[in-house]
There are 2 protein chains.
Amino acid sequence: MNTALTVSKEEALALRYGADAIPAAGPWNDHIALLLSHRSVRGYRPDAPPDGTLETLIAAAQSAATSSNMQTWSVVSVTDPAVKAEFARIAGGQKHIEQCPIFLVFLADLSRNERLARANGTELEVLPYIETFLIGAIDAGLAAQNAVVAAEAIGLSTVYIGALRNDAARVGELLALPPGVAGVFGLCVGYAAPGVTNQVKPRLSQAAVLHHGTYDSTREAAHVAAYDEKLSAFSGRFEMAQTTWTGRVLNRMGKLKGLAGREKLGGVLRAMGFPLR
Amino acid sequence: MNTALTVSKEEALALRYGADAIPAAGPWNDHIALLLSHRSVRGYRPDAPPDGTLETLIAAAQSAATSSNMQTWSVVSVTDPAVKAEFARIAGGQKHIEQCPIFLVFLADLSRNERLARANGTELEVLPYIETFLIGAIDAGLAAQNAVVAAEAIGLSTVYIGALRNDAARVGELLALPPGVAGVFGLCVGYAAPGVTNQVKPRLSQAAVLHHGTYDSTREAAHVAAYDEKLSAFSGRFEMAQTTWTGRVLNRMGKLKGLAGREKLGGVLRAMGFPLR
């Protein structure tokens with residue numbers, strides 16, 4: 001099913017953190033090995049997965065927690081090649097959106113609850129608040145992550161497409177979204193193409209991310225320096241020019257152009273029916 | 001490990017959707033059965049889980065995708081009973097926060113990347129935008145959901161605590177969060193107490209949530225009516241007074257008091273260093 005499950009606990013942790021930064025993890029089993037084996041994949045074979053795969057993934061997604069059972073998310077499955085090509089364009093030329101057999105757009109959806117209220121002759125006072133949009137976005141995130149785990153459990157690969165937010169208004173038009181619904185991100189699902197970079201990417205040391213009792217960044221600089229070295233070596237081995245984490249973060253976050261249109265997201269969401277008060 | 005894994009595919013889908021609304025799911029295995037078996041638990045035994053459980057959960061969390069590998073989230077593990085009691089109060093009296101042996105607060109964290117830039121004598125222009133806060137919140141959500149799956153894989157139970165956002169400023173004080181960091185939600189982890197309601201909660205029909213090609217709500221009212229009946233029967237069997245989904249949604253979302261302070265979240269986040277432009 002997933003060859004990563006044959007990797008030992010120590011190997012899995014070393015792939016994720018580097019051999020010099022293995023956390024003192026305890027319980028371990030195949031479920032956890034599957035989670036540790038995640039890697040995002042940006043190239044797909046056209047082969048369709050078995051019948052019912054989409055429904056299995058959505059059953060997993062709907063099984064995730066949802067705030068107060070409000071279920072403020074929905075998902076659109078997109079197969080039309082022309083629409084997928086347009087999404088690829090919005091996302092800055094991500095060809096894997098056109099390649100993957102299953103492309104999902106996860107939505108923050110307050111409109112269903114709003115229709116419910118209208119059908120009952122009332123209104124939902126909480127809708128205009130940023131809190132309620134956030135609930136929809138987080139609900140969508142928890143659901144999507146369960147879909148990702150389910151996909152990887154049956155040998156499929158995935159990659160999130162946050163870059164759909166480069167033009168959330170156009171995504172809304174393409175999917176005929178009513179007011180109060182917005183695409184939060186896309187998700188490619190399919191079989192990884194041969195030769196596609198497909199390695200477990202190292203992350204920051206646990207000590208840089210996990211705090212005990214209160215937030216404490218006093219030793220962070222050392223962890224970041226170690227990680228810079230690790231990610232640079234990883235890039236050199238598997239991907240492209242050697243780049244440190246620092247270099248990548250400054251490149252992606254330093255200049256406004258890194259947002260590729262997403263600097264307008266607040267205004268776009270307001271126009272789509274989320275006042276974000 | 002998890003008794004739910006002995007449940008068949010058909011039974012698992014019937015528990016989640018009702019026997020009359022089973023989706024045409026395809027691939028199935030123990031990983032997917034685990035995801036389908038999720039239920040939120042609001043009562044815990046005090047027993048500590050095995051050594052290294054926290055580190056296992058965080059390794060799973062860090063293995064989730066993170067937008068452009070920016071890793072804009074952190075987590076605080078809280079064990080101080082006085083602090084947990086204060087969180088329980090903020091969350092409107094949720095005693096399980098005091099009971100659970102592991103209580104985590106997941107954070108949207110732009111401050112680490114900001115420190116990185118400052119150490120390199122520069123600034124991150126993308127920080128003030130709502131898009132960048134959203135990336136932190138979604139990163140935290142994907143990470144937390146992996147932690148939830150890992151916890152349930154080793155026989156632990158969980159419940160998300162969105163109600164920490166009732167007073168995000170006080171949460172920030174208690175955790176000594178610097179500007180650019182905010183608690184997105186809490187997560188209780190522990191062994192379910194005997195007798196605690198612990199049943200798989202039915203969700204809306206897949207047909208109400210999954211759209212094909214474009215968003216289409218034309219048949220939604222019938223799905224909601226069927227779900228109202230289902231959730232009302234479920235409540236009567238396992239929880240409390242029979243309440244339809246419609247009744248619950250109107251109660252939680254109809255009046256501003258349902259936000260319990262979260263109507264101020266936008267202003268609070270701005271004061272915590274997220275301009276949300």
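Reminder, nothing fancy here: chain letters follow the sequence lines and each chain counts from 1. Remember, it's a predicted structure, so these values are computed and weren't measured experimentally.
Smallest separation of non-hydrogen atoms from A:A12 and A:W28: CB-CZ2, 3.7 Å. When all heavy atoms are compared, the tightest approach of B:A153 to A:N29 is O-ND2, 3.0 Å. Smallest separation of non-hydrogen atoms from B:V184 and B:L107: CG2-C, 4.0 Å. What you find for B:F274 and B:A182 is that their closest heavy atoms are CE1-CB, 3.6 Å.
Looking at B:V181, only its side chain comes within 4.5 Å of chain A, counting heavy atoms on both sides. When heavy atoms are compared at a cutoff of 4.5 Å, A:T53 approaches chain B by way of both its backbone and its side chain. Contacts of A:L174 with chain B are made by backbone atoms alone, with heavy-atom separations under 4.5 Å and no side-chain atom involved. Proximity to chain A is absent for every atom of B:L104, based on heavy atoms less than 4.5 angstrom apart. Looking at B:T246, the atoms closer than 4.5 Å to chain A (heavy atoms on both sides) sit in the backbone and in the side chain alike. Interface remark: B:R115 contributes side-chain atoms only to the contact with chain A (heavy atom separation under 4.5 Å). Neither the backbone nor the side chain of A:L57 has a heavy atom closer than 4.5 Å to any heavy atom of chain B. Residue contact with chain A, scored on non-hydrogen atoms closer than 4.5 Å, involves the side chain of B:R16 exclusively. Contacts between A:I138 and chain B at a heavy-atom distance below 4.5 Å involve the side chain alone, from C-beta outward. Contact annotation for A:T66: both backbone and side-chain heavy atoms come within less than 4.5 Å of a heavy atom of chain B. Contact annotation for B:R165: only side-chain heavy atoms (C-beta onward) come within less than 4.5 Å of a heavy atom of chain A. For B:Q206, the parts lying under 4.5 angstrom from a heavy atom of chain A are both the backbone and the side chain. For B:L36, the parts lying under 4.5 angstrom from a heavy atom of chain A are both the backbone and the side chain. With a 4.5 angstrom heavy-atom cutoff, A:Q62 touches chain B via backbone and side-chain atoms both. With a 4.5 Å cut-off on non-hydrogen atoms, B:Y215 touches chain A through its backbone and its side chain both. For chain A, the nearby part of B:D109 is the side chain; its heavy atoms alone come within less than 4.5 Å. Heavy atoms closer than 4.5 Å to chain A are found in the side chain of B:I130, but not in its backbone. Of the atoms belonging to A:N146, heavy atoms from both backbone and side chain fall under 4.5 Å from chain B. Residue B:V83: no heavy atom, backbone or side chain, is found under 4.5 Å from chain A. With a 4.5 angstrom heavy-atom cutoff, A:F103 does not touch chain B via any of its atoms. Using a 4.5 Å cut-off between heavy atoms, B:Y227 contacts chain A through its side chain alone, with no backbone atom that close. Using a 4.5 Å cut-off between heavy atoms, B:A119 does not touch chain A at all.
The candidate from B:V200, B:L13, B:L250, B:N69 with the greatest count of non-hydrogen atom pairs under 4.5 Å with chain A is B:N69. Residue with the most contacts toward chain B among A:V78, A:L256, A:L265: A:L256 (heavy-atom pairs, distance under 4.5 Å). Contacts with chain B were tallied for A:P23, A:P178, A:A61, A:A221; A:P178 has the most, counting heavy-atom pairs under 4.5 Å. No other option in A:H212, A:H38, A:R203 has as many heavy-atom pairs under 4.5 Å with chain B as A:R203. Contact tally against chain A (heavy-atom pairs below 4.5 Å) for B:S74, B:P50, B:S111, B:G162: the top residue is B:S74. By number of non-hydrogen pairs under 4.5 angstrom with chain A, the leading residue of B:A117, B:G141, B:G213, B:A60 is B:G213. For the set B:I32, B:L142, B:N113, B:L175, the entry with the most heavy-atom pairs within less than 4.5 Å of chain A is B:L142. If you tally non-hydrogen atom pairs under 4.5 Å between each of A:A137, A:S217, A:S67 and chain B, the highest count goes to A:S217. With chain B as the partner, the residue from A:G267, A:G254, A:A176 showing the most heavy-atom pairs under 4.5 Å is A:G254. Interface check for chain B: of the options A:E220, A:R277, A:E114, the most heavy-atom pairs under 4.5 Å are formed by A:E220. No other option in B:G266, B:P27, B:A163 has as many heavy-atom pairs under 4.5 Å with chain A as B:P27. Ranked by heavy-atom pairs under 4.5 Å with chain A, the first of B:K255, B:K9, B:K257 is B:K255.
Taking the side chain as every heavy atom from C-beta outward, B:V105 and B:V75 never approach each other to under 4.5 Å. Under the 4.5 Å side-chain criterion, counting only non-hydrogen atoms from C-beta, B:I135 is not in contact with B:Y129. Annotation: side chain of A:L127 is in contact with side chain of A:T132 (closest heavy-atom distance under 4.5 Å). Inter-residue side-chain proximity for A:S68 and B:R248 is flagged as unmet; no heavy-atom pair is nearer than 4.5 Å. At least one side-chain heavy atom of A:R270 sits less than 4.5 Å from a side-chain heavy atom of A:L276. No side-chain heavy atom of B:L187 sits under 4.5 Å from any side-chain heavy atom of B:Q145. Side-chain contact between B:L15 and B:P202 is absent, with no heavy-atom pair separated by less than 4.5 Å. Looking only at side-chain heavy atoms (C-beta outward), A:L204 and A:H223 stay at 4.5 Å or farther from each other.
No side-chain donor from either of B:Q71 and B:D139 sits under 3.5 Å from a side-chain acceptor of the other.
Atom CG of B:N120 has more than 12 neighbouring heavy atoms from other residues, nucleotides or ligands inside a 6.0 Å radius. Environment of NZ in A:K264: sparse, with no more than 12 heavy atoms of neighbouring residues, nucleotides or ligands closer than 6.0 Å. Counted within 6.0 Å of CZ on B:R118, heavy atoms from surrounding residues, nucleotides or ligands total 12 or fewer; the atom is thus considered open. More than 12 non-hydrogen atoms from other residues, nucleotides or ligands lie less than 6.0 angstrom from CG of B:D80. Counting heavy-atom neighbours within 6.0 Å of B:E123 CD, excluding the residue itself, gives a total of 12 or less.
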